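Just below is one structure, and these are the notes that go with it.
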Amino acid sequence: MSESQLWDDVDDYFISQLAPEDEVLAATLRDSEAAGLPEIAVSAAAGKLLHLLAQIQGATRILEIGTLGGYSTIWLARALPADGRLVTLEYSPKHAEVATRNIARAGLDKIVEVRVGPALESLAELADEAAETAENPAPFDLVFIDADKVNNPHYVEWALKLTRPGSLIIIDNVVRGGRVADPDNTSPDVRGTRTAIELIGSHARLSGAAIQTVGKKGYDGFALARVLDQSS
């Protein structure tokens with residue numbers, strides 16, 4: 001048995017016991033594939049982890065950067081209370097259309113808002129809306145970053161502006177097949193990821209860690225950062 005097959009088998013076991021997909025989640029993946037979306041959604045195991053982290057966080061407001069077909073969106077939104085809110089940002093109108101249908105089928109369209117356009121523009125709009133509102137919207141309790149990797153450091157900086165002390169920031173796909181450890185690698189995705197990791201490590205308002213993973217998505221990993229109080 002190959003090493004990758006072993007990873008798949010272990011993932012299958014854990015998913016079957018701890019994160020079995022229901023028909024809504026399965027249909028989300030099927031419809032995303034049928035629409036020609038890239039097959040890069042988080043695994044069921046990672047989706048369940050996101051769900052648990054949102055619950056542990058006690059999140060009532062979640063920001064997701066990178067919607068794709070809405071698979072991770074559904075896992076996260078299911079952790080919210082009935083009066084919670086999730087804003088998810090998607091660059092591609094086609095992806096957003098598929099995600100909107102999937103989210104509605106999951107019965108989550110009342111608490112999930114899909115915003116279409118470049119994420120950096122949408123993030124600036126969110127900040128402006130907060131500043132212009134008499135009663136500023138509550139900050140986000142959790143931010144999940146899973147979009148173009150070159151902009152990861154900018155996404156982290158915006159996440160800091162839109163969160164509060166105690167909020168959690170999660171960045172997916174930080175290992176880049178091990179390339180993140182190569183300081184001479186000039187690929188934009190690697191440089192963006194390294195800059196984001198170094199920003200977390202050096203920023204006075206962030207405390208973070210990064211974990212390598214193996215499984216259905218191969219060799220990968222994620223980073224977690226907690227927002228600290230300004231005076232910490």
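Keep in mind that the numbers below use all heavy atoms, side chains included, and drop hydrogens, waters and symmetry copies. What you see is a predicted model; the values in this text were computed from it and never measured.
Annotation: side chain of L123 is in contact with side chain of I65 (closest heavy-atom distance under 4.5 Å). Within the 4.5 Å cutoff, no side-chain heavy atoms of H51 are placed close to those of L53. Here the side chains of T163 and L168 are not in contact, with every heavy-atom distance at 4.5 Å or above. Residues H95 and P38 have side chains in contact (heavy-atom distance under 4.5 Å, counting atoms from C-beta outward). Taking 4.5 Å as the limit, some side-chain heavy atom of D141 sits within range of a side-chain heavy atom of T60. Side-chain contact between N173 and V175 is absent, with no heavy atoms from C-beta onward closer than 4.5 Å. Residues K216 and D8 have side chains in contact (heavy-atom distance under 4.5 Å, counting atoms from C-beta outward). Side chains of T73 and L86 form a contact here, defined as non-hydrogen atoms less than 4.5 Å apart.
For L199 against P153, the heavy-atom pair with the smallest separation is CD2-O, 3.8 Å. The shortest heavy-atom contact between E90 and L68 is OE1-N, 2.8 Å. Closest heavy-atom contact between V98 and A35: CG2-CB, 3.6 Å. Residues V42 and K217 approach most closely at C-CE, 4.0 Å, considering heavy atoms. Scanning all heavy atoms of the two residues, the minimum distance from N102 to S32 falls at ND2-OG, 3.6 Å. In terms of heavy-atom proximity, V24 sits nearest to A106 at CG1-CB, 3.5 Å.
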Practice task
Please test R205 against V227 for side-chain contact (heavy atoms from CB on, under 4.5 Å), starting from the C-alpha separation and ending with a verdict.
Solution key: CA-CA 6 Å; R205 291 189 58 221; V227 180; 3.3 Å; yes
Exercise for the section: Kindly indicate, with the supporting measurements, whether the criterion salt bridge (charged side-chain N to carboxylate O under 4.0 Å, His left out) is fulfilled by D189 and R176. Expected result: CA-CA 8 Å; D189 63 317; R176 315 309 300 157; 3.0 Å; yes
Exercise for the section: Report the C-alpha distance between D182 and V190 in whole Å, list the side-chain angles of each, state the deciding distance to 0.1 Å, and finish with yes or no for side-chain contact (heavy atoms from CB on, under 4.5 Å). Expected result: CA-CA 9 Å; D182 180 2; V190 173; over 6 Å; no
Practice task
Any chance you could lay out the salt bridge (charged side-chain N to carboxylate O under 4.0 Å, His left out) test for R78 and D22, step after step, and finish with the verdict?
Solution key: CA-CA 13 Å; R78 284 178 168 179; D22 55 36; 2.8 Å; yes
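Side-chain atoms of E64 and S72 form a donor-acceptor pair, as typed in the model, at a separation below 3.5 Å. With no hydrogens or angles considered, no side-chain donor-acceptor pair links N152 and T195 at under 3.5 Å. Looking only at atom types and distance, the side chain of Y91 has no donor-acceptor partner in the side chain of E121 under 3.5 Å away.
I170 CD1 to F144 CZ: the interatomic distance, rounded to the nearest 0.5 Å, is 6.5 Å. Atom CG of L63 is separated from atom CG of L126 by 6.5 Å, given to the nearest 0.5 angstrom. Note that the CG atom of L160 and the CD1 atom of I169 stand 5.0 Å from one another [nearest 0.5 Å]. The line from CG of L120 to OH of Y155 is 5.0 Å long, rounded to the nearest 0.5 Å. To the nearest 0.5 Å, atoms CG (D172) and NZ (K149) are separated by 6.0 Å. One finds the CG atom of L25 at 9.5 Å from the CD atom of E23 (value rounded to the nearest 0.5 Å).
Between E157 and K161 there is no salt bridge, since none of the side-chain N atoms of the basic residue sits less than 4.0 Å from a carboxylate O of the acidic one.
For Y219, the OH atom sits in a packed shell: over 12 heavy atoms of surrounding residues, nucleotides or ligands are nearer than 6.0 Å.
Sorted by first then second residue, the side-chain hydrogen bond (donor to acceptor under 3.5 Å, both in side chains) pairs that include residues 37-50, not counting sequence neighbours, number zero.
Checking side-chain atoms of S2 against main-chain N and O of Q5 turns up a donor-acceptor pair under 3.5 Å.
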